[in-house]
Trainee: 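Starting off with a structure, shown below.
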Amino acid sequence: MPTKHLAAKVKKAVIPVAGLGTRILPASKSVPKEMLPVVDKPLIQYIVEECLACGIEEIILVTRQGKEAIENHFDTDFELETILEQKGKRENLTVVRKIVQMMNIISVRQKKPLGLGHAILCAKPLIFNEPFAVLLPDDLVDSQIPCIGQLIQIYQDIKEPVVAVEKVPTEEIYRYGVVIPEPVRDNLFKAKGFIEKPDPEEAPSDLGVIGRYILTPEIFDILEHIPLGKGGELQLTDALNRFAQMNGVYAYLFEGKRYDAGDKLGYLKANVVYGLKHPKLKRDFNNFLKEVVK
Ligand code: G1P
C-alpha cells in the first residue's frame, strides 16, 4: 500500500476532545478537561495556537455531547464583546476577538466512546488525499519550535507518517504506545512496530508515543479493518503498528518538555512552568514560589 502522491503541506489538524477526562475528576465533571485553564488560557487554546504557529489552516475537533464549551470558546460572544466595548476595555476585547479569528474550526461527533483510533476515523470524511496532524489536547509541549512543527519538518523530508516520542521511565511505560525502534539518524527512528500500553517487561523500548502525530489517509483504511484492541477500544497504536509493517512510520524524539495536563500532577506542573513564563506574571509568581518553598 504505497504512501504516494500526497501534498507535502500539512494543512489540517484533528484534535480529539471527546474523552471523559476521568484522570482529572472532579475538575472535569461539568467542565470539559480541555477547557481547564493553564495560567490564563484553556488547554485547548494552547493546542490551537500550536497549530496556528505551524501553518495549519483548519482544525477538526472530534467531540461529543456536553463539550460545546470548546466550540463556544472559539466563537463570537456578542454580549461579552458589546459589554467590553461599552466599558472601554480595549485590551480584553482584543484578546477575546483574537481567539475568534484564530482558526477555522469544524467539529464532528464521536458517537460512541470507542477509543482514539475510532475518534480519528470520525474525521475521515473531512480529510481528503492529504497528510494531517493529530494533537491530543492533554499534552502540552514546551519547546523552541512547536512540537507539531518539528514533526511537519520531518514529514516534509520523508513523506511518511511520523509520531513524537519521549523517553519514559520503566514504571510509567504501561501508559504509552511504545515504539519498536530502528535508529535512522540523530533522534529519528524507523518504527518496526508499536505496542499499546505494554507491561514493563514486554516493552520493546523506552520510547513512548506522546500526543503529536502526522498521519496520511491510508491510516483510515487500516482503522476500518483492524479489531478492537486494548481496553476494548479501536487503538491508533494498533493501526500504526500495521502501517509500520507495510510502509514506513517514523518516530521522532522531539526537542522540548511535555506535560501531561490530563493528569493531576502533570496539570500542576504545567501551571507552574507556564506561570513562570507568563510575561505579566512571571516575576511575582517566581517570588511567590520562592516564599512557598522556603
Ligand atoms: C493515548 C495513546 C497512547 C499514547 C498516549 C499519549 O493514550 O493511546 O498510545 O502514548 O495517548 O498521551 P491515552 O493517554 O489516551 O490513554
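For ligands, and for the atoms within them, numbers begin at 1 and follow the listed sequence. Note that the structure is a prediction, hence the values are computed from the model and not measured.
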Trainee: Going by distance alone, is a donor N or O of one side chain under 3.5 Å from an acceptor N or O of the other, for H73 and Q45?
Mentor: yes
Trainee: Which ligand 1 atoms are under 4.0 Å away from a heavy-atom of R258?
Mentor: 12 (O)
Trainee: Search all heavy atoms of P137 against all heavy atoms of E34 and return the closest pair with its distance.
Mentor: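 Closest heavy-atom pair between P137 and E34: CG-CG, 3.7 Å.
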Trainee: Between E182 and K190, does at least one N-O distance fall below 4.0 Å, as a salt bridge requires?
Mentor: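 Result for this pair is no, no salt bridge flagged.
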Trainee: With heavy atoms of L136 as the reference, note each atom of ligand 1 found under 4.0 Å away.
Mentor: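 Reading through ligand 1 atom by atom, the close ones are 11 (O).
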Trainee: Atom 2 (C) of ligand 1: which of E166, R23, E196 has the nearest heavy atom?
Mentor: E196
Trainee: Just heavy atoms, cut-off under 4.0 Å: does D139 contact ligand 1 by side chain, backbone, both, or neither?
Mentor: side chain
Trainee: Does the protein come close to atom 7 (O) of ligand 1 - that is, does one of its heavy atoms sit below 4.0 Å from that atom?
Mentor: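 It does; a protein heavy atom is within 4.0 Å.
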Trainee: If hydrogens are left out, which of K197, Q235, R175 has an atom nearest to atom 13 (P) of ligand 1, that is, the closest non-hydrogen atom?
Mentor: K197
Trainee: At what distance is the nearest protein heavy atom to atom 5 (C) of ligand 1, and which residue and atom is it?
Mentor: V209 O, 3.9 Å
Trainee: Using a 4.0 Å cut-off to any heavy atom of Y176, which atoms of ligand 1 qualify?
Mentor: 10 (O)
Trainee: About how many Å separate CG of L223 and CD of E218, when rounded to the nearest 0.5 Å?
Mentor: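 E218 CD to L223 CG: 12.0 Å, rounded to 0.5 Å.
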Trainee: In terms of hydrophobic clustering (I, L, V, M, F, W, Y; side-chain heavy atoms under 4.5 Å; direct or indirect links), are I226 and Y213 co-clustered?
Mentor: yes
Trainee: Parallel, tilted or perpendicular: which describes the rings of Y46 and Y274, with under 30° parallel and over 60° perpendicular?
Mentor: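 The rings of Y46 and Y274 stand perpendicular, inter-plane angle above 60°.
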Trainee: Under 4.0 Å from a heavy atom of T237: give me the atoms of ligand 1 that qualify, with their elements.
Mentor: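 Listed by number with element: 9 (O).
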Trainee: Less than 6.0 Å separating the ring centroids of Y155 and F132?
Mentor: no
